[in-house]
Amino acid sequence: MTAGDGGSITILHVDDDPDFTELTAEFLEREDDRFEVFTETRGEAALERLSSTEVDCVVSDYRMPGMDGLELLETVRETAPELPFVLFTGAGSESVAGEAISAGVTDYIQKTSGTGQYELLANRIREAVGHSRARLSYEEVFEKSGVGMTIHDVESFDVVAANREYCVSLGFDEGECEGFSFIDLTADVPEYTPERARHHFETALNEGSHTFEWPLVRKDGDRIWTEITLQRATIGGRDRLLGTVRDVTERWEQRRQLSTLVTNLPG
């Protein structure tokens with residue numbers, strides 16, 4: 001049920017009116033030649049289709065015999081929480097919309113007369129699939145990156161996500177270093193205070209990007225020196241700071257030794 005690669009967009013349209021699904025498929029494929037539309041008239045059949053076909057977006061009616069659109073949505077979300085799902089229904093009400101949002105619907109569109117509804121549906125599908133693919137691409141880069149990466153809350157600066165490389169560099173198991181504040185992970189070195197840390201984070205927020213060196217403490221108590229680059233980014237629809245963290249302990253020690261040598265030279 002994961003989004004396919006490439007530019008094509010595979011859509012599963014579920015509606016108990018076969019004439020309407022045929023008409024919708026015709027208009028969507030005419031609207032965008034990247035669209036390939038499969039149709040089903042029952043929720044149970046849609047689930048069977050999803051188990052055997054890679055689909056980029058589900059479009060479903062609400063009122064259908066047997067499994068309705070919300071029940072289909074809830075079942076899909078159990079195994080594919082990120083799959084774009086658009087409720088395209090003539091049953092418009094605040095209660096239906098509220099239930100759909102609570103169940104994790106991607107979008108909610110009311111059917112109308114005329115062909116304008118298909119243009120609107122096509123735009124919403126493109127937008128939903130685009131966001132989904134961008135999110136999957138980001139997550140793959142984040143997890144497979146060969147350098148430590150973190151995501152920070154812009155108010156508390158806590159680590160809300162960290163990749164495996166970052167956790168391992170600090171001696172933690174994967175996921176174990178999430179939830180710490182930046183200060184919790186700071187080594188006990190004079191001058192590297194919470195106020196100084198906040199200054200760096202605020203600089204990144206104001207300027208969009210900022211690089212600085214900072215001492216971090218490993219789980220075993222050892223200290224490492226890191227070069228941290230913070231970039232402001234929108235991740236999952238939220239304002240975040242994305243951090244890239246490199247271990248520069250060796251470089252820092254060489255620089256310290258050189259400074260000591262110069263200081264001790266006669267004259």
> Does the pair L50 and L12 meet the rule for a side-chain contact (heavy atoms from CB on, under 4.5 Å), with working shown?
Replying inline: CA-CA 8 Å; L50 287 170; L12 175 60; 3.8 Å; yes

>> If I take atom CG from residue D220 and atom CG from residue L170, how far apart are they, to the nearest 0.5 angstrom?
In response: 9.5 Å

>> Does R196 qualify as a cation-pi partner of Y192, given the criterion of NZ or CZ under 6.0 Å from the six-membered ring centre and within 45 degrees of its axis?
In response: yes

>> Can you list everything that forms a ring-ring contact (aromatic ring centres under 6.0 Å, His included) with Y118? Sequence neighbours excluded, please.
In response: F27

>> I'd like to know whether the aromatic ring centres of F212 and H210 sit less than 6.0 Å apart in this structure.
In response: yes

> Do other residues, nucleotides or ligands put more than 12 heavy atoms under 6.0 Å from the CZ atom of R49?
Replying inline: yes

> Say you draw a straight line from CD of E82 to CZ of R133; how long is it, rounded to the nearest 0.5 Å?
Replying inline: 15.0 Å

> For the residue pair L72 and S60, what are the closest heavy atoms and their distance?
Replying inline: CD2-OG, 3.7 Å

> Are any non-hydrogen side-chain atoms of L83 and V58 less than 4.5 angstrom apart?
Replying inline: yes

> Would you call R63 and D68 a salt bridge, taking side-chain N to carboxylate O under 4.0 Å as the test?
Replying inline: no

> Closest approach of A80 and R77, non-hydrogen atoms and distance?
Replying inline: O-NH1, 2.9 Å

> Under a 4.5 Å side-chain heavy-atom rule over Ile, Leu, Val, Met, Phe, Trp and Tyr, are V168 and V245 clustered together?
Replying inline: no

> Is a donor on one side and an acceptor on the other found under 3.5 Å between the side chain of D184 and the backbone of S181?
Replying inline: yes

>> For P215 versus W225, what's the shortest heavy-atom pair and its separation?
In response: CD-CZ3, 3.6 Å

> Does anything in residues 117-130 pair up under salt bridge (Lys or Arg N to Asp or Glu O under 4.0 Å), and if so which pairs, sequence neighbours excluded?
Replying inline: D32-R126, D107-R124

> Side-chain heavy atoms under 4.5 angstrom apart, residues restricted to Ile, Leu, Val, Met, Phe, Trp, Tyr: same cluster for L121 and L23?
Replying inline: yes

> If we only count heavy atoms from C-beta on, is the Q110 to F88 side-chain gap below 4.5 Å?
Replying inline: no

>> Given F35, which partner from the list T10, I9, V129, D56 fulfils the side chain to side chain contact (heavy atoms under 4.5 Å, CB included) test?
In response: I9

>> As a quick check of understanding, evaluate salt bridge (charged side-chain N to carboxylate O under 4.0 Å, His left out) for R42 and D16, giving each step before the final call.
In response: CA-CA 6 Å; R42 298 180 65 87; D16 62 320; over 6 Å; no

> So, the side chain of R246 versus the backbone of V147: is there a donor-acceptor pair under 3.5 Å, distance only?
Replying inline: no

> Within a reach of under 6.0 Å around CD of E22, are more than 12 heavy atoms found that belong to other residues, nucleotides or ligands?
Replying inline: no

>> Side chains of F142 and M149, heavy atoms from C-beta outward: is any pair under 4.5 Å?
In response: yes

> In terms of the angle between their ring planes, are F201 and F157 parallel, tilted or perpendicular, with boundaries placed at 30° and 60°?
Replying inline: parallel

> Yes or no on side-chain contact (heavy atoms from CB on, under 4.5 Å) for F172 and L185, after CA distance, side-chain angles and deciding distance?
Replying inline: CA-CA 12 Å; F172 291 97; L185 299 172; 4.3 Å; yes

> Shortest non-hydrogen contact from A103 to E74?
Replying inline: CB-CG, 3.9 Å

> Atom CG of L242 and atom OG1 of T229: how far apart are they, to the nearest 0.5 Å?
Replying inline: 10.0 Å

>> Would you say that L47 contacts T75 through its side chain, given a criterion of any heavy-atom pair below 4.5 Å between the two side chains?
In response: yes

> Heavy atoms, side chains only, cut-off 4.5 Å: are H152 and V160 in contact?
Replying inline: no

> Do E40 and H13 have side-chain heavy atoms sitting under 4.5 Å apart?
Replying inline: no

> Does F85 have any ring-ring contact (aromatic ring centres under 6.0 Å, His included) partners at least two apart in sequence or in another chain, and if so, which?
Replying inline: none

>> Looking at Q117 and T112, would you say the former's side chain and the latter's main chain have a donor-acceptor pair under 3.5 Å?
In response: yes

> Between K111 and D15, is the closest basic N to carboxylate O distance under 4.0 Å?
Replying inline: yes

>> Using 0.5 Å steps for rounding, measure from the CD atom of E36 to the CG atom of L28.
In response: 12.5 Å

> Could R232 and D239 be called an ion pair, given the rule that one side-chain N must be under 4.0 Å from one carboxylate O?
Replying inline: yes

> Side-chain heavy atoms under 4.5 angstrom apart, residues restricted to Ile, Leu, Val, Met, Phe, Trp, Tyr: same cluster for V217 and I228?
Replying inline: no

> Are V86 and C57 close enough, and set up right, to give a side-chain contact (heavy atoms from CB on, under 4.5 Å), and what steps lead you there?
Replying inline: CA-CA 8 Å; V86 178; C57 183; 4.0 Å; yes

> Any link between F182 and V154 through a network of hydrophobic side chains (Ile, Leu, Val, Met, Phe, Trp, Tyr) touching at under 4.5 Å?
Replying inline: yes

> With no hydrogens and no angle check, is any side-chain donor or acceptor of D153 less than 3.5 Å from a backbone partner on S156?
Replying inline: yes

>> Restricting to non-hydrogen atoms, name the atom on A187 and the atom on R223 that form the minimum distance, rounded to 0.1 Å.
In response: CB-CG, 3.5 Å

>> How long is the straight-line distance from OG1 of T24 back to CD of E29, given to the nearest 0.5 Å?
In response: 11.0 Å

>> Is there a side-chain contact (heavy atoms from CB on, under 4.5 Å) between L205 and L241? Walk through the geometry before answering.
In response: CA-CA 8 Å; L205 285 173; L241 280 171; 3.9 Å; yes

> Measuring from F180:CZ to D158:CG, what's the distance to the nearest 0.5 Å?
Replying inline: 10.5 Å

> Does some side-chain heavy atom of I125 sit less than 4.5 Å from a side-chain heavy atom of V59?
Replying inline: yes

> With a 4.5 Å limit on heavy-atom distance, are the side chains of H200 and E213 in contact?
Replying inline: no

> Looking at A204 and L230, what are the two nearest heavy atoms and their distance?
Replying inline: CB-CB, 3.6 Å

